[in-house]
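To keep things clear, I will list the structure first and then write my remarks on it.
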2 protein chains.
Amino acid sequence: MATGRTHRPATRSRGIPEATVARLPLYLRALTALSERSVPTVSSEELAAAAGVNSAKLRKDFSYLGSYGTRGVGYDVEYLVYQISRELGLTQDWPVVIVGIGNLGAALANYGGFASRGFRIAALIDADPAMAGKPVAGIPVQHTDDLEKIIKGNGVSIGVIATPAGAAQQVCDRLVGAGVTSILNFAPTVLSVPDGVDVRKVDLSIELQILAFHEQRKAGEEALPDGLPASAAAARESTDKGPDGDVPAVMPA
Amino acid sequence: MATGRTHRPATRSRGIPEATVARLPLYLRALTALSERSVPTVSSEELAAAAGVNSAKLRKDFSYLGSYGTRGVGYDVEYLVYQISRELGLTQDWPVVIVGIGNLGAALANYGGFASRGFRIAALIDADPAMAGKPVAGIPVQHTDDLEKIIKGNGVSIGVIATPAGAAQQVCDRLVGAGVTSILNFAPTVLSVPDGVDVRKVDLSIELQILAFHEQRKAGEEALPDGLPASAAAARESTDKGPDGDVPAVMPA
DNA sequence: CCATCTTTGTGCACGCGTTCACAAAGACAT
DNA sequence: ATGTCTTTGTGAACGCGTGCACAAAGATGG
Ligand SMILES: NC(=O)c1ccc[n+]([C@@H]2O[C@H](COP(=O)([O-])OP(=O)(O)OC[C@H]3O[C@@H](n4cnc5c(N)ncnc54)[C@H](O)[C@@H]3O)[C@@H](O)[C@H]2O)c1
Ligand SMILES: NC(=O)c1ccc[n+]([C@@H]2O[C@H](COP(=O)([O-])OP(=O)(O)OC[C@H]3O[C@@H](n4cnc5c(N)ncnc54)[C@H](O)[C@@H]3O)[C@@H](O)[C@H]2O)c1
């Protein structure tokens, strides 16, 4: 930027690192809050604190967007909100279908946080004939038979799977067949999809198991620091702040 | 192993990489399925396919557990199930409390997948007086006033937060104050906790936004490959299989 | 007991992501 | 204008995670 040349690695003309993409929504949320309080500018330090990340990381992330901060001042809140929204594709809104309207699917349907962020529930789909026509969150549930028609008719490219694990792959195949190219999967199964289709999964059990692992470790450690002096048990705390350096749990599949 | 000395980096006597820990539940699930089908052994290749990972990665992961595979044969399913369960701390069962029994909290309470994996819902807690006493999933909801008593009385160390974002930090503080050291947060907020407390968050909106980002990119790319020859658009598909190399979205905070 | 064949366990190299640390950019006051 | 002070943008080093590729282990059959 300063030097004004050979910015991007050249081999990756438009490539924003995945780790950065995953943090953009975090920044956007913090920025939106600031925007609502009519804060005009923020420093990387402040914003980083609000988003819960390192300020250097944040600055580097923004630099991939070709960021426009002002040295000595910080970033213009409104401008950044716009830039990040655009980068994430939130300036258009995305029709989403939820398949499997049980406990979880219904909760998702009732969740208000979608619309506020550029997503619109285009349809709710379930295999249970008894549910067909019944409104959930004001939207009538449609039967799986019409899945393809619904997807194509609404130009849906993002699908959410909240069916039992056993049905997930089959539902996935139908969604993909109908034109869906991004899937958010809540069922505890590994989905296989053709190239070009993105799958992210959210897995409750995995999250809890990871917590249990660290929990067990904490319990075991105070008993015997495993070759380390007793003081190390306390010292460890600082290193251990994220018991997990990072690591998915929700990840592509 | 083969050489039989200087295994662990020595500086990390008992350290299993976080990335590995995050995959253990995946392996465990695949192994459990095999176990139910009474399959006695699996090769790293087969198991890796079932878990959706690279076989070399899986072998390396197991090597951290001091794995006991048999060359030329594979791994003993039952034995591995036990080893991984023990490593994850699932041989004991963990009492969990869910705070905020709304749409999502109720869905979680009704979810059967907890008990089957070593977790037990010890209590449901909500601030709404109208909900107190009402059973959800067969468990009577208790009022927030008794939060500390409930946590301490049941020796709960894992808490799930499913309250509105505005209440999350406050609930978190009370949980931590009462002795909870692991938190799974569904509210879209950055929680701050003292050292030694683990927080993992599950954030729906972030997941969708990441999908939207890639979706937008796909749409834009077929129009103009951005300086690359047209063939690159197709070639990219293979590189792009995981649109995201990996990257959280559910992560510590 | 030996040969062959399968599959593990891991050394190694590579690439991504994180973090430090600082030069330069610019605001602001004098 | 000029100097000071704040904060960005990034070069560079480092560490973690991934995947290749292969030697060694051991099963299996003759
Ligand atoms: N409820 C939770 O908190 C929770 C937590 C983690 C994971 N999950 C997972 O999410 C999924 C849904 O959980 P749930 O509690 O809502 O289950 P549920 O049984 O309440 O709901 C499943 C719904 O899917 C429908 N369905 C079944 N087969 C279908 C098909 N082929 N096509 C379309 N719809 C179909 C059923 O009719 C039902 O309405 C499960 O895979 C579960 O493991 C749920
Ligand atoms: N429903 C979803 O699918 C979904 C998806 C993503 C994120 N979330 C997030 O999960 C959280 C819960 O969502 P929801 O749809 O269940 O909301 P909800 O409004 O249906 O439920 C919230 C519950 O929390 C209770 N509550 C409020 N303040 C409390 C406090 N201080 N202590 C204890 N309980 C308190 C309320 O009484 C209510 O029962 C929200 O933060 C939401 O953003 C929900």
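So that the names make sense, note that chain A is the first sequence line, chain B the second, and so on, each numbered from 1. Just so it is clear, the values below take in all heavy atoms, side chains as well, and ignore hydrogens, waters and symmetry mates.
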Next on the checklist: Which residues in residues 37-50 of chain B have a heavy atom closer than 4.0 Å to any atom of DNA chain C?
Outcome noted: Ser43(B), Ser44(B)
Item to check | Asn54(B) side chain near dC20(D) phosphate (N/O to OP1/OP2, under 4.0 Å) | outcome: yes
Checklist entry - Out of dT18(D), dA27(D), dG17(D), which has the shortest distance to the side chain of Lys57(B)? => result dT18(D)
Item to check | Nearest-angstrom distance from the residue atom CD of Glu18(A) to P of dC16(D) | outcome: 22 Å
Checklist outcome for this item: Between Asp61(A) and Val73(A), whichever has its closest DNA chain D nucleotide further toward 5' is Val73(A)
Checklist outcome for this item: Sorted by chain and residue number, the ring-ring contact (aromatic ring centres under 6.0 Å, His included) partners of Phe62(B) (sequence neighbours excluded) come out as Tyr27(B), Tyr75(B)
Checklist entry - Do any pairs count as a salt bridge (charged side-chain N to carboxylate O under 4.0 Å, His left out) and have a residue in residues 29-40 of chain A, sequence neighbours left out, and if so which ones? => result Arg29(A)-Asp203(B)
Checklist outcome for this item: Atom CD1 of Ile16(B) and atom P of dG17(D) are separated, to the nearest Å, by 12 Å
Checklist entry - In whole angstrom, what separates Asp76(A)'s CG from dA27(C)'s P? => result 13 Å
Checklist entry - Who are the ring-ring contact (aromatic ring centres under 6.0 Å, His included) partners of Tyr82(B), not counting sequence neighbours? => result none
Pairs under 3.5 angstrom only: tabulate donor-acceptor contacts from the side chains of residues 163-172 of chain A to other protein residues two or more places apart or in another chain.
{"from": "Gln169(A)", "atom 1": "OE1", "to": "Ser192(A)", "atom 2": "N", "distance (Å)": "2.9"}
{"from": "Gln169(A)", "atom 1": "NE2", "to": "Asp173(A)", "atom 2": "OD1", "distance (Å)": "2.8"}
{"from": "Gln169(A)", "atom 1": "NE2", "to": "Ser192(A)", "atom 2": "O", "distance (Å)": "3.1"}

I'd like a list of close polar pairs between nucleotides 21-23 of chain C and the protein, N/O only, cut-off under 3.5 Å.
{"from": "dA21(C)", "atom 1": "N6", "to": "Arg59(A)", "atom 2": "NH2", "distance (Å)": "3.3"}

Checklist outcome for this item: Output for pair (Asp76(A) CG, Gln83(A) CD), nearest 0.5 Å, gives 10.5 Å
Next on the checklist: Do Val199(B) and Leu184(B) make a side-chain contact, defined as non-hydrogen atoms from C-beta onward lying under 4.5 Å apart?
Outcome noted: no
Checklist entry - Side chain of Lys60(B), base of dG19(D): donor and acceptor closer than 3.5 Å? => result yes
Next on the checklist: If the condition is salt bridge (Lys or Arg N to Asp or Glu O under 4.0 Å), which residues does Arg59(A) pass it with, not counting sequence neighbours?
Outcome noted: none
Item to check | Candidates dG9(D), dT10(C), dG17(D) - which lies nearest the side chain of Tyr75(A) | outcome: dG9(D)
Checklist entry - At under 4.0 Å between heavy atoms, what does Phe62(B) touch on the DNA or RNA strands: base, sugar-phosphate, or nothing? => result nothing
Checklist entry - Starting at CG of Leu58(A) and ending at C1' of dT19(C), how long is that distance when rounded to a whole Å? => result 14 Å
Checklist entry - Quick one: side chain to side chain donor-acceptor pair (under 3.5 Å) partners of Gln92(A), sequence neighbours excluded? => result none
Checklist entry - What residues, two or more places apart in sequence or in another chain, satisfy side chain to side chain donor-acceptor pair (under 3.5 Å) together with Thr181(A)? => result Glu215(B)
Next on the checklist: Could you tell me how far apart Leu65(A) (CG) and dT8(D) (C1') are, to the nearest whole angstrom?
Outcome noted: 14 Å
